[in-house]
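Worth saying up front: this structure is predicted, and the values here are computed from it rather than measured. What you see below is based on every heavy atom in this structure, not just the backbone, and it leaves out hydrogens, waters and symmetry mates. Read the numbers this way: they start at 1 and go in the same order the structure lists the ligands and their atoms.
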Amino acid sequence: MTAKRLDGKALADTLRTALAARVAARTAAGRTPPGLAVVLVGDNPASRVYVRNKQKACELAGIRSWLHERPADVPQRALLDLIAGLNADPQVHGILVQLPLPPHIDEKAVIDAIDPTVDVDTFHPENVGLLAAGHPRFYPCTPHGCVQLLRHNGIDTAGKEVVIVGRSNIVGKPLALMLMQKKTVANPAGGDATVTVAHTRTADLAAVCRRADILVAAVGVPKLVTADMVKPGAVVIDVGMNTVDGKLCGDVDAGVWAVAGAMTPVPGGVGPMTIAMLLENTVIACEQLDG
Ligand code: GUN
C-alpha cells in the first residue's frame with residue numbers, strides 16, 4: 001500500500017484564492033484592506049524563511065504586511081513598546097511575533113502585550129482560554145491547518161482515536177483541544193474525537209501510536225515515527241519541520257508511506273496550510289474590527 005498524499009500546498013492555494021476574492025470585494029467597496037504586522041527578532045535562518053513565506057502569501061491575497069526587524073540583542077522594553085505602537089495602529093489587524101525569541105526576552109510578556117483582538121496566532125492567554133472554553137475568537141494556525149486538511153480530504157474525525165505526539169503550546173495542546181471538542185455553531189472545527197496526547201515521558205510510545213486512526217506527529221524530532229508505530233491504513237499528519245543535512249524533513253519516517261492510508265508530505269503538507277490559516281485569521285480580525 002502507498003498512502004494517499006494529503007496535498008496541503010494545493011489546498012492552501014485554493015483557500016488563499018478564495019480569501020483574495022473576499023479581500024478584493026472589501027477593498028472594491030472602499031473598505032480598509034486587512035493588514036498584518038510581522039515582528040522578527042534576530043537572525044534565525046528558519047524564522048527568516050517562514051516570515052518571508054508568510055509575507056509573500058499576504059501579498060498574493062491582497063493583505064498588506066509590514067516587517068519589523070530587530071537585532072537579537074533588542075531590549076525587551078523596546079519590543080514591548082513596538083507592540084504597543086502596533087496595537088494602536090488602525091491599519092494593523094493582525095500582529096505576529098515570530099517565535100522563538102532570544103533567551104533574554106520573556107516570551108510570555110511579549111505575547112501578553114499583544115492586543116487579543118489582533119492576536120492572529122492565537123497565543124494570547126485570553127484567546128487560548130476562549131478556545132479551551134469552546135468559543136474561539138480565532139483558531140490557532142497550525143492546528144486549524146491540520147483540521148482543514150482532514151476535512152477537505154473527507155476524513156471525518158468524529159468518534160475516531162486520535163493520537164497527538166507532542167504537547168507544545170503552538171501545536172499539540174491546542175490541536176488536542178480542537179479535536180476533542182464538540183462541533184457546534186460557535187466551534188465549527190470541533191472534532192468530536194477521542195484524543196490521546198503523547199510526549200517525552202509517555203511509556204511505550206509505539207504502542208500508544210498504534211492505537212491511532214489518526215496520528216499527528218508534532219515533536220520536532222526527525223523521523224521519530226516509524227512504520228512499526230502506525231496502524232495499517234491510519235491517517236498520518238506530519239507537522240515536523242526539521243532541517244537535516246540542509247534538507248527539510250518531518251517527524252515521520254518515509255517508511256510510513258507504505259503502511260498509512262493517507263499522509264501529509266513534508267514539505268507541501270501542513271506548512272502551507274499554517275500560512276493559509278494565518279491569512280484567514282487576519283481577514284477575520286479585519287472584518288471584526290473594521291466591519
Ligand atoms: N514559530 C513556529 N511556529 C510559529 C507560528 O505558528 N507562529 C509564530 N509566531 N511563530 C512560530
With sequence neighbours left out, write down each residue that passes side chain to side chain contact (heavy atoms under 4.5 Å, CB included) with A78, or none if nothing qualifies.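 Partners of A78 under the side chain to side chain contact (heavy atoms under 4.5 Å, CB included) test: V74, P75.
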
Is it true that Q55 and R52 share a donor-acceptor pair across their side chains at a distance under 3.5 Å?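 Side-chain D/A pair, R52 to Q55: absent.
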
Partners passing side-chain hydrogen bond (donor to acceptor under 3.5 Å, both in side chains) against T157 (at least two apart in sequence or in another chain): none

same_hphob_cluster(V163, M180) at 4.5 Å side-chain heavy-atom cutoff: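 Each belongs to a different hydrophobic cluster.
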
So if I only count non-hydrogen atoms and take anything under 4.0 Å from ligand 1, which residues does that give, chain by chain?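 Only K54, L96, V97, Q98, L99, D121, F123 have heavy atoms that fall under 4.0 Å of ligand 1, ordered by chain and number.
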
Residues D156, K160: salt bridge by 4.0 Å N-O rule: no

Quick one: list whatever passes ring-ring contact (aromatic ring centres under 6.0 Å, His included) with F123, sequence neighbours left out.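 Not a single residue meets the ring-ring contact (aromatic ring centres under 6.0 Å, His included) criterion with F123.
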
